[in-house]
Protein chains: 2
Amino acid sequence: MERLFHSVRITINDKLYVKDPESSNLGKRIVEESILMINDIGFESFTFRKLGQKIGSNESSIYRYFENKHKLLLYLASWYWGWLEYQLVFATNSIPDPNTKLERAIEIMTQATEIDLAFTHINEILLNKIVINEYSKSYLTKEVDQENKEGYFVIYKRLVNRMRLMINEVNADYPYSASLASTIIEGALHQYFLMDHFSSLTSCNKTTTPTEYFKHLAFNTLNIKNNG
Amino acid sequence: MERLFHSVRITINDKLYVKDPESSNLGKRIVEESILMINDIGFESFTFRKLGQKIGSNESSIYRYFENKHKLLLYLASWYWGWLEYQLVFATNSIPDPNTKLERAIEIMTQATEIDLAFTHINEILLNKIVINEYSKSYLTKEVDQENKEGYFVIYKRLVNRMRLMINEVNADYPYSASLASTIIEGALHQYFLMDHFSSLTSCNKTTTPTEYFKHLAFNTLNIKNNG
DNA sequence: TAGAAAATGATAGTATTACTTTTATATTTG
DNA sequence: CAAATATAAAAGTAATACTATCATTTTCTA
């Protein structure tokens with residue numbers, strides 16, 4: 001797959017950075033190592049000072065790329081959702097049957113992440129873990145409405161909307177398509193978190209995947225015989 | 001309702017506080033005003049110093065009740081889930097029919113919060129808002145496994161488990177009862193958040209409630225004709 | 001009801017965070 | 001090669017999240 005998409009770039013709202021991190025080597029290292037570090041020590045303990053030390057650069061240089069770590073998190077999350085959106089569109093585009101299409105969409109949105117060799121400086125598996133553990137913190141803030149207006153969440157919203165449309169195609173009379181779409185996308189993150197930390201609160205494990213659960217949930221609530 | 005329960009107390013893991021806030025007037029004021037303040041300025045901006053100023057007490061005195069604001073949040077959340085659990089058990093206890101029982105349970109877990117006059121120093125409506133906006137932050141941490149071992153989340157886990165059991169009673173063959181239970185409880189918080197900040201991502205609004213959505217979701221996925 | 005014990009308040013201090021500012025040095029580009 | 005740009009180094013600031021010490025007030029109890 002990677003060969004086809006060497007030239008694909010995820011486009012991110014330019015208000016999320018001061019200087020585009022894709023435009024320089026240092027910028028890419030900031031992104032690359034911040035993913036490792038946030039994953040390692042958690043977003044709360046992560047600081048630009050520590051990141052600077054790790055990449056042998058200066059704190060003040062990192063501030064020339066990102067205003068603060070909150071924006072860096074929004075950037076990383078946007079990249080992740082943009083990347084997922086790309087896969088979603090690519091995988092479902094050519095499927096004419098709405099049921100099969102939705103089924104494939106749910107798979108894309110709820111499956112365990114795999115590495116994409118097209119982006120060498122981004123570890124998608126770790127980024128997925130960051131999204132599971134930290135994404136909520138990016139919008140559970142007092143500034144969410146302002147930041148939403150600024151367009152910091154457009155990719156995520158577009159992605160949920162794509163899911164919603166596919167749900168509508170399966171059952172146009174279903175009155176909760178937006179809620180079901182957001183439940184699947186946000187719920188998948190939550191189920192993965194529970195698998196790691198609160199196993200008694202989920203039915204998912206190595207043999208029963210979140211994908212299976214959400215497929216069953218979606219097709220039954222849409223009154224369609226479950227494909228999965 | 002309040003008359004019956006004047007003597008009811010929500011029991012909270014005593015590792016969550018240094019000194020029981022229910023044991024003194026200052027303790028109750030800390031709880032009461034922290035709810036108002038966290039709601040007002042958000043958990044990130046909330047500090048014990050500011051709280052002390054607001055209640056005319058000293059920062060160091062607040063530290064004699066709670067080790068830090070993280071533990072205070074865990075305390076408030078535990079109180080909230082304990083209070084909901086109480087309502088859940090009370091409301092469903094005497095219902096023999098599993099379908100009606102689950103329906104009532106979903107209502108309790110997903111309805112808009114109402115004030116409970118039995119607890120004068122706690123504003124349940126604001127506390128519900130805090131849980132919607134801040135609860136995830138209490139477990140999305142690097143310390144979650146340790147804190148889970150210490151029992152900081154027992155009430156929440158018990159509550160999800162009660163839901164799971166009620167789902168099992170409706171359909172013993174349904175293989176995802178734990179996931180459905182956690183999806184309803186966590187998903188309800190999320191849908192309320194979306195209603196406030198990302199209305200395009202939810203089908204819920206003033207006329208279509210999260211309760212309606214989750215009832216439909218649960219009973220359809222359990223292959224039971226929707227009661228709602 | 002005095003005296004002890006406990007609770008609370010006032011003040012100061014510390015390490016860290018989340019930046020900003022300034023100046024110096026290295027790198028790129030025209 | 002000069003000028004522009006990028007990066008580094010160092011220092012400074014206000015706020016946070018505490019801890020420690022001691023004084024004062026309140027409460028319990030003999």
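Below, chain A is the first sequence line, B the second, and so on; all start at residue 1.
Proximity note for S61(A) (side chain, C-beta onward) versus dC18(D), dT7(D), dT11(C): the nearest is dT7(D). Checking dA8(D), dT16(D), dC18(D) against every side-chain atom of T47(B), the shortest atom distance belongs to dT16(D). Which of dC19(C), dC18(D), dT8(C) sits closest to the side chain of R64(B) comes down to dT8(C). Nearest nucleotide to the side chain of S24(B), out of dT8(C), dG9(C), dA8(D): dT8(C).
Separation of the F119(B) and W79(B) ring centroids falls under the 6.0 Å cut-off. Taking the six-membered ring for Trp and the full ring otherwise, Y139(A) and F193(B) have centroids separated by under 6.0 Å. Ring pair W81(B)/Y135(B): centre-to-centre distance below 6.0 Å. Between Y17(A) and F66(A), the distance separating the two ring centers is not shorter than 6.0 angstrom.
Atoms CD (E59(B)) and P (dA12(C)) sit 14 Å apart, rounded to a whole Å. With rounding to whole Å, F48(A) atom CZ is found 19 Å from dA10(D) atom C1'. Atom pair N25(B):CG and dT25(D):C1' shows a separation of 15 Å (rounding to whole Å applied). Rounded to an integer number of Å, the gap from L26(A) CG to dT7(D) P is 5 Å. Rounding to whole angstrom units, CG of residue N58(A) and P of dT22(C) are separated by 16 Å. Between L72(A) atom CG and dT17(C) atom C1' the separation is 16 Å, expressed in whole Å. As a whole-Å value, the separation of K28(B) NZ from dA7(C) C1' is 16 Å. We find that CD of E44(B) is positioned 15 Å from C1' of dA17(D), with the value rounded to whole Å.
For L194(A) against L201(A), the heavy-atom pair with the smallest separation is CD1-O, 3.6 Å.
Side-chain to base pairing of E67(B) with dC18(D): no donor and acceptor N or O lie closer than 3.5 Å to each other.
The side chain of S60(A) places no N or O atom within less than 4.0 Å of a non-bridging phosphate oxygen (OP1 or OP2) of dA10(D). Side-chain nitrogen and oxygen atoms of K69(A) include none within less than 4.0 Å of the OP1 or OP2 phosphate oxygen of dT17(C). Contact between the side-chain N/O atoms of K50(A) and the OP1/OP2 oxygens of dT16(C) is not found at any separation under 4.0 Å.
If you check every strand for non-hydrogen atoms under 4.0 Å, Y63(A) touches a base.
When each of Y65(A) and R49(A) is assigned the nucleotide of DNA chain D with its nearest heavy atom, Y65(A) is the one assigned upstream, toward the 5' end.
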